[in-house]
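Chain naming here is simple, since letters A, B, ... match the order of the sequence lines and numbering starts at 1 in each.
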There are 2 protein chains.
Amino acid sequence: MTVAEVPWLTDEEQATWRAFSTVSRLVEGALDRQLVRDSGMSHAHYSILVALSESEGETARMGDLADFLQFSPSRMSHAVRRMEEAGWIERRRCSSDGRGQEAMLTPRGRETLERAAPGHVREVRRLFVDQIEPEERDQIRRISEMLLTRMVE
Amino acid sequence: MTVAEVPWLTDEEQATWRAFSTVSRLVEGALDRQLVRDSGMSHAHYSILVALSESEGETARMGDLADFLQFSPSRMSHAVRRMEEAGWIERRRCSSDGRGQEAMLTPRGRETLERAAPGHVREVRRLFVDQIEPEERDQIRRISEMLLTRMVE
DNA sequence: TCACAATATTTGAGCATTCAAGCATCAGGA
DNA sequence: TCCTGATGCTTGAATGCTCAAATATTGTGA
């Protein structure tokens, strides 16, 4: 496809895209830094701890975790290895499928999550949730879920 | 601050936050992959090329670039070094301030940008711009710019 | 039953980003 | 003029993510 065949972005489209893209990156970066600074974990690690804590038996298959969080298998594998080294997670072979692995939250992992959560939630509120009106929240949610659906399906 | 003192997220707030956060990450990741695959550059590199191409004389101070794109100085420095190695950018000492550096687009950098742009714009359209109605676009823009203002000020 | 493709996950290399520290230059006051 | 702190940028170490390749197990059709 040549340049001429691509409909360029209008000024409005470009301004919207740049604002959205920049704010996403800044919010994500700020959350990451807060978690690393105060709890020694990345936002990815935090999300995995949350996902496990919400799972039946605080245990989940690697693939299910990856699907739920929309992580690549490799990202999940690297992250869980780190977290196992930190003592937050244990891995064991899946009984029903020898190829699979189950990740399980350890008591220490649960404690770590519980200590990290308040500061993280406060930051999510400060940067995002408490900045937007309920009406705006509904708009963002609707649009985000629509985009997500089309990307994931 | 203890757990009890942090107002937890309601289900609605949490759903909104998770959808926004996930979709931002997926869109950013998809754009990055498209650029790496088709043009051998990251989204950060692309943004720097665009910023330079829009600058007076296709030249800009490192710090101004970093401010404009909301990059950390160190991120900008590493990125520009790589791009200089690739022959897309030249760096020279700033004449008015011996501490400063000016980054300038090379002809090869401009060509690289022009070749990369159509595919990137197409992807931005496919994943974001063309998926949302004009009304939704205005909503996203307004909210994003509001959040940005409060983060950057 | 056997071969072979599909699936689940891991691994290693390479690049990007962050933080902390370092270097050079500039600006302002004694 | 000199000293000192601030500024602009770079550097190196540590970590995380992506891709491609590897490993192990499972399912399937002949």
Side-chain angles (χ1 to χ4, degrees), chain A residues 24-48 59-86 88-104, chain B residues 22 24-48 60-86 88-104:
Chain A
S24 312
R25 183 164 47 77
L26 292 188
V27 169
E28 175 62 23
L31 292 173
D32 234 342
R33 280 193 297 280
Q34 182 274 325
L35 279 169
V36 168
R37 176 167 32 81
D38 297 345
S39 307
M41 72 178 73
S42 66
H43 191 199
H45 289 176
Y46 181 86
S47 302
I48 293 170
T59 300
R61 288 279 297 265
M62 297 295 288
D64 294 341
L65 277 177
D67 286 347
F68 179 68
L69 295 173
Q70 291 293 309
F71 282 14
S72 71
S74 138
R75 181 182 187 181
M76 185 58 72
S77 185
H78 284 302
V80 167
R81 181 177 46 73
R82 289 265 182 199
M83 297 170 75
E84 190 171 32
E85 285 165 15
W88 302 340
I89 282 182
E90 274 175 15
R91 270 188 296 191
R92 70 160 69 112
R93 201 155 246 266
C94 179
S95 49
S96 60
D97 184 339
R99 295 165 298 184
Q101 292 266 117
E102 284 178 346
M104 185 177 64
Chain B
T22 303
S24 312
R25 184 165 45 78
L26 291 188
V27 169
E28 175 62 23
L31 291 173
D32 234 342
R33 279 192 298 280
Q34 182 274 326
L35 279 169
V36 168
R37 175 166 34 81
D38 297 346
S39 307
M41 72 178 74
S42 65
H43 191 199
H45 288 178
Y46 181 87
S47 301
I48 293 170
R61 289 279 297 263
M62 297 294 288
D64 293 341
L65 276 178
D67 286 347
F68 179 67
L69 295 173
Q70 292 293 308
F71 282 13
S72 72
S74 138
R75 181 182 187 182
M76 186 57 73
S77 187
H78 285 301
V80 167
R81 180 178 46 74
R82 290 266 180 199
M83 297 171 76
E84 190 171 33
E85 285 164 16
W88 301 340
I89 282 182
E90 273 176 15
R91 269 188 296 191
R92 71 161 71 111
R93 200 155 246 266
C94 179
S95 50
S96 61
D97 184 340
R99 295 165 298 182
Q101 293 267 114
E102 283 178 346
M104 185 178 64

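A 4.0 Å heavy-atom criterion places the boundary nucleotides of DNA chain D facing chain B at D:dT7 to D:dC19, written 5' to 3'.
For the OP1/OP2 pair of C:dT18 and a distance below 4.0 Å, the side-chain nitrogens and oxygens of B:S72 include at least one atom meeting the criterion. Listed pair B:H45 / C:dA16 meets the phosphate criterion, a side-chain N or O lying under 4.0 Å from OP1 or OP2.
Note that CG of B:L31 is 5.5 Å distant from NE2 of B:H43, once rounded to the nearest 0.5 Å. To the nearest 0.5 Å, the span separating CZ on A:R82 from OG on A:S42 amounts to 10.0 Å. Taking CD from A:E102 and CG from A:L65, the interatomic distance works out to 10.5 Å, rounded to the nearest 0.5 Å. The structure places NE2 of B:H45 at 6.5 Å from CH2 of B:W88, a figure rounded to the nearest 0.5 Å.
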Quiz item: Where do A:E28 and A:R25 land on the side-chain contact (heavy atoms from CB on, under 4.5 Å) test, with the steps shown first?
Solution: CA-CA 5 Å; A:E28 175 62 23; A:R25 183 164 47 77; 5.9 Å; no

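B:E90 CD: 12 or fewer foreign heavy atoms inside a 6.0 Å radius.
Contacts of A:R91 with the nucleic acid, taken as non-hydrogen atoms under 4.0 Å apart, involve only primed sugar atoms and P, OP1 or OP2. Nucleic acid contact class of B:A66 (heavy atoms, under 4.0 Å, all strands): none. Residue-level contact check: A:R93 touches the backbone only, with heavy atoms under 4.0 Å from sugar-phosphate atoms and none from bases.
The stretch residues 30-43 of chain B touches DNA chain D through B:R33, each having a heavy atom under 4.0 angstrom from the strand. Listed in residue order, the members of residues 96-103 of chain B having a heavy atom less than 4.0 Å from DNA chain D are B:R99, B:G100, B:Q101. In the region residues 75-86 of chain B, proximity to DNA chain C at under 4.0 angstrom, judged on heavy atoms, holds for B:R75, B:H78, B:R82.
A:R92 has its side chain within reach of A:M104: a pair of non-hydrogen atoms, C-beta onward, lies under 4.5 Å apart. With contacts defined as side-chain heavy-atom distances shorter than 4.5 Å, the pair B:D97/B:R61 qualifies. In this structure, the side chains of A:I48 and A:F71 come closer than 4.5 Å at one or more pairs of heavy atoms.
Atom-to-atom, CD1 of A:I48 to C1' of C:dT9 comes out at 14 Å; the value is rounded to the nearest Å.
Nearer the 5' end of DNA chain C, as judged by each residue's closest nucleotide, is the contact made by A:R61, out of A:G29 and A:R61. Take the nearest nucleotide of DNA chain D for A:S95 and for A:S74: the residue whose nucleotide is more 5' is A:S74.
Residue pairs meeting the side chain to side chain donor-acceptor pair (under 3.5 Å) criterion with at least one member in residues 64-80 of chain B, sequence neighbours excluded, are B:H78-B:R81.
Under the salt bridge (Lys or Arg N to Asp or Glu O under 4.0 Å) criterion, B:R33 pairs with no residue, sequence neighbours left out.
Considering all non-hydrogen atoms of both residues, A:M62 and A:A103 come closest at SD-CB, 4.3 Å.
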